[in-house]
Amino acid sequence: IAFYQNEFLKRNPKDAKAMQSLARLYFKKGDFDNGVTWLKKQLEIEGNNHEVYYLIGVQAWDRSYNFPDLDPALRAKTVEDGLQALNRAVELKPDYFEAVSYINLLYREKAKMEADPARKQEYTDTANKYLQQALEMRKAAQEKAKAEAAQAPSSEPQK
């Protein structure tokens with residue numbers, strides 16, 4: 001972390017890959033806030049990058065799922081921030097089934113935190129809707145890849 005912040009980024013202040021590496025190091029350290037800060041700095045340099053928004057959403061899910069004893073208000077904000085980031089990723093890349101999968105997971109986190117049974121069910125139903133959508137998107141992507149592979153010219157020599 002010190003190398004990236006104090007040396008590398010001082011010499012290369014617009015290096016987006018270094019910013020993402022720094023963010024990942026902060027996430028590994030368990031420092032969610034600084035990790036997100038560096039990803040947002042990366043977005044300032046790169047503009048709208050669906051993968052960066054996706055990474056923010058994944059880290060939000062990780063924080064909520066693996067640290068359920070977080071302050072409830074902080075956990076709820078983390079989940080909402082993750083949903084916003086993932087929805088932005090899907091806006092930028094509509095067939096992003098991985099992002100849709102994590103939207104499903106974050107709605108499940110919302111359901112865990114909800115005391116009202118009706119709202120809990122609403123969040124669970126929404127999660128199920130996103131899960132189904134992600135599965136359909138994944139299947140379509142696999143079928144598209146298979147069709148493209150079948151149409152690609154063979155690299156084997158003809159006999």
Side-chain angles (χ1 to χ4, degrees), residues 1-5 8-9 12-142 144-145:
I1 289 174
F3 167 75
Y4 278 110
Q5 279 185 294
F8 192 84
L9 282 170
N12 308 292
K14 295 192 182 270
D15 189 318
K17 288 199 182 294
M19 291 176 186
Q20 188 170 90
S21 295
L22 189 54
R24 289 179 188 271
L25 289 170
Y26 272 114
F27 289 134
K28 284 184 186 211
K29 182 181 167 195
D31 188 341
F32 178 80
D33 294 330
N34 273 318
V36 169
T37 296
W38 281 102
L39 290 177
K40 287 181 178 176
K41 287 181 183 188
Q42 181 183 357
L43 287 169
E44 290 171 15
I45 300 296
E46 290 185 334
N48 286 325
N49 179 333
H50 64 276
E51 292 176 357
V52 176
Y53 286 109
Y54 171 73
L55 187 54
I56 292 170
V58 169
Q59 291 300 321
W61 170 81
D62 182 76
R63 187 179 198 193
S64 179
Y65 182 80
N66 289 308
F67 300 95
D69 295 336
L70 278 176
D71 173 72
L74 177 60
R75 188 173 178 206
K77 182 183 180 327
T78 300
V79 168
E80 286 304 319
D81 290 348
L83 283 169
Q84 284 181 4
L86 290 167
N87 281 315
R88 184 67 182 131
V90 173
E91 283 176 28
L92 294 169
K93 184 180 177 192
D95 62 345
Y96 206 174
F97 69 85
E98 296 92 344
V100 175
S101 296
Y102 273 93
I103 292 172
N104 149 56
L105 293 173
L106 281 171
Y107 270 103
R108 293 185 193 287
E109 290 302 297
K110 279 183 79 141
K112 286 182 196 175
M113 295 182 283
E114 184 57 57
D116 176 24
R119 295 220 34 167
K120 182 183 283 280
Q121 187 60 53
E122 177 186 326
Y123 293 146
T124 301
D125 291 346
T126 300
N128 288 337
K129 178 186 85 168
Y130 280 106
L131 173 61
Q132 190 59 43
Q133 182 181 350
L135 291 171
E136 290 167 6
M137 291 167 79
R138 182 171 180 252
K139 183 178 179 184
Q142 288 173 329
K144 181 181 175 187

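This chain uses plain numbering: 1 for the first residue, then up along the sequence. The analysis underlying the following values was restricted to heavy atoms, covering all of them including side chains, and did not include hydrogens, waters or symmetry mates. This is a predicted model, so every value here is computed, not measured.
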### Query
What's the verdict on side-chain hydrogen bond (donor to acceptor under 3.5 Å, both in side chains) for Tyr53 and Asn87, showing C-alpha distance, side-chain angles and the deciding distance?
CA-CA 8 Å; Tyr53 286 109; Asn87 281 315; over 6 Å; no
Applying salt bridge (Lys or Arg N to Asp or Glu O under 4.0 Å), can you list everything that pairs with [X], at least two apart in sequence or on another chain?
X: Lys112; value: Glu109
X: Lys77; value: Asp81
X: Lys110; value: Glu80
X: Asp116; value: none

Side-chain donor/acceptor pairs under 3.5 Å, residues 16-28, sequence neighbours excluded:
residue : atom : partner : partner atom : Å
Gln20   : NE2  : Gln42   : OE1          : 3.4
Ser21   : OG   : Lys17   : O            : 3.1
Tyr26   : OH   : Gln5    : OE1          : 2.9

Can you tell me how far the [atom1] atom of [X] sits from the [atom2] atom of [Y], to the nearest 0.5 Å?
X: Phe67; Y: Thr78; atom1: CZ; atom2: OG1; answer: 11.0 Å
X: Tyr102; Y: Leu55; atom1: OH; atom2: CG; answer: 10.0 Å
X: Asn34; Y: Asp31; atom1: CG; atom2: CG; answer: 4.0 Å
X: Ile1; Y: Trp38; atom1: CD1; atom2: CH2; answer: 10.5 Å
X: Leu86; Y: Tyr54; atom1: CG; atom2: OH; answer: 8.0 Å
X: Leu131; Y: Thr126; atom1: CG; atom2: OG1; answer: 12.5 Å

Determine the minimum heavy-atom distance between [X] and [Y], stating which atoms define it.
X: Ser64; Y: Val79; result: OG-CG2, 3.6 Å
X: Ala127; Y: Asn104; result: O-OD1, 3.1 Å
X: Gly82; Y: Ala60; result: CA-CB, 3.5 Å

Do any side-chain atoms of residues 90-98 form donor-acceptor pairs under 3.5 angstrom with protein atoms, and if so which ones, sequence neighbours left out?
residue : atom : partner : partner atom : Å
Glu91   : OE1  : Arg88   : NH1          : 2.7

### Task
Any chance you could lay out the side chain to side chain contact (heavy atoms under 4.5 Å, CB included) test for Leu105 and Tyr65, step after step, and finish with the verdict?
CA-CA 9 Å; Leu105 293 173; Tyr65 182 80; over 6 Å; no
### Message
Determine whether Met113 and Leu70 satisfy the following criterion, side chain to side chain contact (heavy atoms under 4.5 Å, CB included), listing intermediate values before the conclusion.
### Response
CA-CA 11 Å; Met113 295 182 283; Leu70 278 176; over 6 Å; no
### Message
Is there a side-chain contact between Leu74 and Arg63 in this structure, where contact means two heavy atoms from C-beta onward sitting under 4.5 Å apart?
### Response
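The answer is yes, as the side chains (C-beta and beyond) meet within the 4.5 Å cut-off.
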### Query
Hey, are Asn128 and Gln132 close enough side-chain-wise for a donor-acceptor pair under 3.5 Å?
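Result is no, nothing qualifies.
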